[in-house]
Structures are given as structure tokens and as C-alpha cells.
Amino acid sequence: MLEDRVRAHTTPQRAARRAHIVLLAAEGCPARQIAEIARVDVSTVVRWRDRFAREGLAGLEDRLRSGRPPVYGPEVRLRIVATATSAPPHPHGGWSHRLIAHHLADTGISSSQIGRILAALQVKPHRVRGWLTRPADSNFFSRAAEVCALYLSRPPDSVVVSVDEKTAMSARSRKYPDRLPGPGRVRLREFEYVRHGTVSVTAALDVHSGQVVVENLPRNDSAHFVKFLARLERCIPAGLTVHLVLDNGSLARLQGHSGLAGEASTDRGALHP
């Protein structure tokens with residue numbers, strides 16, 4: 001095991017040096033010669049040689065050190081955790097180390113110390129992970145499985161189309177042209193851009209062919225949405241069953257349109273909200 005430690009490239013340097021000292025001592029080398037080979041003091045050689053003789057491999061590990069006593073006790077640490085896991089005050093959207101330090105100003109703790117305490121406890125109030133509240137629908141999983149099955153395997157003589165709208169997209173262009181790459185240099189792109197207003201569109205994606213039908217959306221209402229569906233139907237060859245996948249907002253606009261209220265299917269296929 002000592003030889004493996006010395007040969008391994010991943011062994012920490014101090015651990016490899018201690019194992020090397022013990023191996024040289026086992027070969028009968030005197031302490032002074034070992035110190036010259038390992039480039040350490042003679043007292044270091046004697047320490048690790050004797051500790052290995054008494055304790056074996058465990059003796060080559062570092063001893064636990066008391067260190068400086070903690071300045072902030074459990075009560076302050078509990079207050080830090082309680083603050084970081086509570087709702088931040090208005091108008092802040094989340095807790096920062098500086099904000100927590102200001103909130104606990106009576107303790108005199110610094111923001112950097114708060115960061116170290118939270119890092120040791122793996123509490124990360126600055127990080128956010130999105131999640132979705134699933135509606136209480138007993139048919140949710142069966143309907144989701146139906147949609148996933150359409151994406152994975154298209155039924156014969158049919159087309160699967162996903163429809164959604166994208167509102168208020170900003171149209172931007174770079175203020176300066178890119179600098180072309182060269183030997184030892186990647187393409188350089190200026191970060192400044194010029195705004196050209198916003199645009200809203202409705203799009204339909206054939207999930208199996210990748211073809212897209214896009215139309216400007218002057219107003220996000222049922223009339224424009226049904227008009228887009230009529231255009232989409234003209235783009236799809238006759239005789240194909242259309243499986244239309246859309247979200248609840250699009251479905252509500254479609255069902256709210258006169259003549260389509262309450263319907264979940266058409267002559268060409270079915271809706272999959």
C-alpha cells in the first residue's frame with residue numbers, strides 16, 4: 001500500500017513523501033540519509049517513522065487540530081440559516097450575503113463570513129430552480145402519455161403539429177460587424193446591439209418533418225388564432241389526419257370562438273391540449 005501511494009499520480013504530495021520516508025526506513029536507511037533524499041528535516045523523518053511503527057497507516061494521517069474557537073456560536077448560525085430560508089423583505093427578490101448581514105447587523109457578522117457558513121451547510125439562497133404546479137387533473141398522466149406517444153410515433157396517414165404563440169420578441173442586430181477569425185484567433189463579436197422594436201408571431205411545427213408555418217400576430221385573440229389555423233389547414237395535404245398539440249391558452253381561445261365552443265375535434269383530426 002505504501003508503494004502504491006508513492007507510485008500513484010493522484011496521491012497528495014505530503015502523503016507520498018510520508019510513505020517514501022517509511023519505505024526508506026524499512027530498507028535500513030539512517031534518518032539523516034532519508035532526510036537528504038526526501039529533502040526534509042531529520043525530525044520530520046523520525047516523527048513519521050515512529051508514528052508508523054506505533055499506529056501503522058493511520059499514523060501517517062494528519063492529527064485533528066483544535067484551531068481557533070468559533071467566533072459565532074450555534075445561535076448566530078441558526079439565525080443565519082433561518083434568515084436565508086425565509087422570504088426576503090420587499091422589494092428584494094432573494095437573499096444576498098450582504099442583505100443577510102444587514103438584517104443581522106446586531107451580531108456584527110460580515111457578509112463574507114455568512115457566505116462561508118452557508119457554503120459549509122450547502123444553503124444557497126441565491127440559486128433558483130423553476131418548477132411547475134401540476135393541476136389537479138386525474139387524467140393528466142394519461143393525456144400527457146398520449147401526447148408523448150404522438151411525438152415518438154406518428155400514426156399512419158396523419159401529421160402531428162405543435163402550435164403556440166410567441167409574443168413581444170425583441171428584434172435586435174449587432175451594432176458593429178464581427179471580426180473574422182484568423183490563425184490563433186477566434187471570431188470576435190461586439191456585445192452592443194441595436195433594438196428594432198418587438199414582434200409577435202404564431203407558429204406551427206410539424207414535429208416529425210421540422211417544417212414550420214409562421215404568421216405575424218397583430219393581436220393575440222381568438223379571431224387571429226382561428227385565421228392562422230385556417231391557413232395551416234391549407235398547408236396540410238388533404239386526406240391526412242391532423243393531431244394538433246397546443247396549450248391551455250390556445251385551447252381556450254379556440255373554444256371561445258363562435259362556432260367552436262366546447263368542441264375538442266374537427267373533421268380533420270383531434271386537439272391535444
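If you're wondering where the values come from, they're calculated on a predicted model, not measured in any experiment.
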Just distance, no hydrogens or angles: give the donor-acceptor pairs under 3.5 Å from side chains in residues 206-216, sequence neighbours left out.
residue	atom	partner	partner atom	Å
D206	OD1	H208	N	3.1
D206	OD1	S209	N	3.4
D206	OD2	S209	OG	3.0
H208	NE2	L150	O	3.3
H208	NE2	Y151	O	3.1
S209	OG	Q211	N	3.4
E215	OE1	R231	NH1	3.4

Flag side-chain contact, heavy atom, 4.5 Å: [X] against [Y]:
X: V71; Y: V76; answer: no
X: I236; Y: V242; answer: yes
X: V201; Y: M169; answer: yes
X: V81; Y: L121; answer: yes
X: C29; Y: I34; answer: yes
X: T167; Y: E165; answer: yes
X: L118; Y: P125; answer: yes
X: L180; Y: R187; answer: yes

Given 3.5 Å as the limit, does a donor-acceptor pair link the side chain of [X] with the main chain of [Y], or not?
X: R174; Y: E190; value: yes
X: D50; Y: A53; value: no
X: S153; Y: A149; value: no
X: S162; Y: L205; value: no
X: T44; Y: V40; value: no
X: R179; Y: R189; value: no

Under the criterion salt bridge (charged side-chain N to carboxylate O under 4.0 Å, His left out), I'd like the reasoning laid out for D106 against R79: C-alpha separation, chi angles, the key distance, then a yes or no.
CA-CA 11 Å; D106 59 305; R79 290 183 60 187; 2.9 Å; yes
Does the pair R5 and L57 meet the rule for a side-chain contact (heavy atoms from CB on, under 4.5 Å), with working shown?
CA-CA 11 Å; R5 289 190 182 185; L57 288 175; 4.2 Å; yes
Could you give all pairs that pass the ring pair (Phe, Tyr, Trp, His ring centres under 6.0 Å) test and reach residues 65-101, with sequence neighbours left out?
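Every pair satisfying ring pair (Phe, Tyr, Trp, His ring centres under 6.0 Å) with a residue in residues 65-101: W95-H103.
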Any pair with a residue in residues 108-135 that passes ring pair (Phe, Tyr, Trp, His ring centres under 6.0 Å), sequence neighbours left out, goes on the list, sorted by first then second residue, please.
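Not a single pair qualifies under ring pair (Phe, Tyr, Trp, His ring centres under 6.0 Å).
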Output all residues satisfying salt bridge (charged side-chain N to carboxylate O under 4.0 Å, His left out) with D62, sequence neighbours left out; order by chain, then residue number.
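Partners of D62 by the salt bridge (charged side-chain N to carboxylate O under 4.0 Å, His left out) criterion, ordered by chain and then number, come out as R14, R18.
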Could you pull out all residues at least two apart from R17 that satisfy salt bridge (charged side-chain N to carboxylate O under 4.0 Å, His left out)?
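By the salt bridge (charged side-chain N to carboxylate O under 4.0 Å, His left out) rule, R17 matches no residue at all.
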For I109 against L104, the heavy-atom pair lying closest together:
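Looking at all heavy atoms of both residues, the closest pair is CG2-O, 4.4 Å.
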Closest heavy-atom pair and its distance - S173, H196:
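Smallest heavy-atom distance, with atoms named: OG-NE2, 2.7 Å.
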Could you walk me through whether V163 and L244 pass side-chain contact (heavy atoms from CB on, under 4.5 Å), step by step?
CA-CA 7 Å; V163 178; L244 198 61; 3.3 Å; yes
With side-chain contact (heavy atoms from CB on, under 4.5 Å) as the test, would you mind laying out the steps for Y193 and R195 before giving the verdict?
CA-CA 7 Å; Y193 55 85; R195 296 180 181 270; 3.5 Å; yes
For H20, give me all partners under side-chain hydrogen bond (donor to acceptor under 3.5 Å, both in side chains), at least two apart in sequence or on another chain.
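H20 satisfies side-chain hydrogen bond (donor to acceptor under 3.5 Å, both in side chains) with no residue once adjacent residues are dropped.
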Does D137 CG have over 12 foreign heavy atoms under 6.0 Å away?
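Count over threshold, so yes.
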Salt bridge check: are R63 and E55 linked by an N-O gap of less than 4.0 Å?
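Salt bridge flag = yes for E55 with R63.
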Single-linkage hydrophobic cluster V123~I100, side-chain heavy atoms < 4.5 angstrom
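Yes, it is one cluster - the side chains of V123 and I100 are joined through contacts under 4.5 Å.
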Donor on one side chain, acceptor on other, H224 and T202, under 3.5 Å:
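No - no donor-acceptor pair under 3.5 Å links their side chains.
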Determine, step by step, whether H243 and T241 satisfy the side-chain contact (heavy atoms from CB on, under 4.5 Å) criterion, reporting the C-alpha distance in whole Å, the side-chain angles of both residues, the deciding distance to 0.1 Å, and the verdict.
CA-CA 7 Å; H243 296 272; T241 301; 4.0 Å; yes
